[in-house]
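Below you'll find the structure, written out as structure tokens, and then a few comments.
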Amino acid sequence: MAPSVSSLKNLDLSLLAQRLGRLCQQLGVEVTTAESCTGGGIASAITSVAGSSAYFTAGYVTYSNAAKTRMLNVPGAVLEAHGAVSEQVVNAMVKGACLASGARLAVAVSGVAGPDGGSQEKPVGTVWLSWGSAESQQAERFYFHGDRQAVREQAVREALAGLVARLMAQAKGSEKK
């Protein structure tokens, strides 16, 4: 039986990254990242595994809204209407990263890591993650606790666990065929 997403979150980052690599290679999937508040932490975790160039195509660190638009084609109107820390923006980041890199699977993250920048609507620790492809994305909002580093680390762990869980489900689905 495949481990649950919650049990994946308890794994060391390097173990999550290794599991991601094995699944990508098993399924022939290339992956990319589109990051804001994690500043490349997800890509760093993935590329800490030797041989990751076989399945990791590119990592985009789009910290500013202008970079999100320029590098990932996130529409300015979407950023203006919803703000960078939103479901709509992370979904657009996934789509843009897949189209720009040619990868089949992406994870995107945008959030308020702190210590400043929070609001009543989006307090420090609010992070949106999205996983998917150019055609389909699935986003989830999280509220992480702790200082800036803790929020960023939790977001990286959640991002990797989400990628692994999605690939495990895909592998399980392909076994049934």
Side-chain angles (χ1 to χ4, degrees), residues 4-17 20 31-48 56 58-101 103 105-134 136-166:
S4 67
V5 175
S6 61
S7 69
L8 290 171
K9 293 179 214 172
N10 295 325
L11 291 177
D12 176 83
L13 280 181
S14 63
L15 293 176
L16 270 172
L20 173 65
V31 68
T32 186
T33 60
E35 303 181 62
S36 188
C37 68
T38 51
I42 303 165
S44 178
I46 293 170
T47 59
S48 70
F56 183 71
Y60 301 92
V61 178
T62 55
Y63 211 71
S64 71
N65 287 350
K68 289 174 181 63
T69 298
R70 186 175 55 255
M71 296 171 68
L72 301 175
N73 290 317
V74 175
V78 171
L79 283 159
E80 192 172 313
H82 303 284
V85 182
S86 66
E87 176 179 13
Q88 294 83 355
V89 167
V90 292
N91 283 340
M93 289 169 70
V94 163
K95 180 178 180 179
C98 284
L99 291 173
S101 70
L105 178 64
V107 61
V109 61
S110 188
V112 185
D116 303 319
S119 66
Q120 190 168 357
E121 184 182 294
K122 297 175 187 175
V124 170
T126 303
V127 174
W128 275 96
L129 283 157
S130 179
W131 301 267
S133 64
S136 173
Q137 306 85 35
Q138 179 185 15
E140 191 173 344
R141 181 178 50 202
F142 297 89
Y143 296 102
F144 298 127
H145 300 283
D147 64 10
R148 181 177 182 80
Q149 188 60 30
V151 168
R152 290 165 51 119
E153 287 174 5
Q154 291 168 81
V156 169
R157 183 174 309 285
E158 195 70 52
L160 291 175
L163 287 171
V164 169
R166 281 155 181 79

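Note that the structure is predicted; figures quoted are calculated from it, not measured.
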Quick one: pull up [atom1] in [X] and [atom2] in [Y] and give me the separation to the nearest 0.5 Å.
X      : Y      : atom1 : atom2 : answer
Ile42  : Leu20  : CD1   : CG    : 11.0 Å
His145 : Gln154 : NE2   : CD    : 8.0 Å
Met93  : Thr62  : CE    : OG1   : 3.5 Å

If you look at every heavy atom in [X] and [Y], which pair is closest and at what distance?
X      : Y      : answer
Cys98  : Thr32  : N-CG2, 4.1 Å
Ala84  : Ser110 : O-OG, 2.9 Å
Lys122 : His82  : NZ-O, 2.9 Å
Met71  : Ala100 : O-CB, 4.3 Å

[X]: side chain to side chain donor-acceptor pair (under 3.5 Å) partners, not counting sequence neighbours:
X      : answer
Lys95  : none
Glu153 : Gln149
Thr38  : Glu35
Glu140 : none

Applying ring pair (Phe, Tyr, Trp, His ring centres under 6.0 Å), can you list everything that pairs with Phe144, at least two apart in sequence or on another chain?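 If we apply the ring pair (Phe, Tyr, Trp, His ring centres under 6.0 Å) test to Phe144, skipping adjacent residues, the hits are Phe142.
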Evaluate Val90 against Val109 for side chain to side chain contact (heavy atoms under 4.5 Å, CB included), listing each step before the verdict. CA-CA 6 Å; Val90 292; Val109 61; 5.7 Å; no
pair Val112-Val151: side-chain heavy atoms closer than 4.5 Å: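 Side chain of Val112 against side chain of Val151, heavy atoms only: no contact under 4.5 Å found.
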Could I get the full list of side-chain contact (heavy atoms from CB on, under 4.5 Å) partners for Val61, not counting sequence neighbours?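 Per chain and number, Val61 pairs via side-chain contact (heavy atoms from CB on, under 4.5 Å) with no residue.
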List in chain and number order the residues that pass side-chain contact (heavy atoms from CB on, under 4.5 Å) with Ser48, two or more places apart in sequence or in another chain; answer none if no residue qualifies.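 Scan of Ser48 (side-chain contact (heavy atoms from CB on, under 4.5 Å), adjacent residues dropped) gives none.
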Side-chain donor/acceptor pairs under 3.5 Å, residues 123-132, sequence neighbours excluded:
residue	atom	partner	partner atom	Å
Thr126	OG1	Pro123	O	2.7
Ser130	OG	Asn91	OD1	2.6
Trp131	NE1	Ala159	O	3.1

When you measure from the side chain of Thr47 to the backbone of Ala43, do you find a donor-acceptor pair of N or O atoms at a distance under 3.5 Å?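 Yes: the side chain of Thr47 pairs with the backbone of Ala43.
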Just grab all the side-chain hydrogen bond (donor to acceptor under 3.5 Å, both in side chains) pairs involving residues 63-74, residues at least two apart or on different chains.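 Applying side-chain hydrogen bond (donor to acceptor under 3.5 Å, both in side chains) to every pair that reaches into residues 63-74, excluding sequence neighbours, yields Ser36-Lys68, Tyr63-Arg148.
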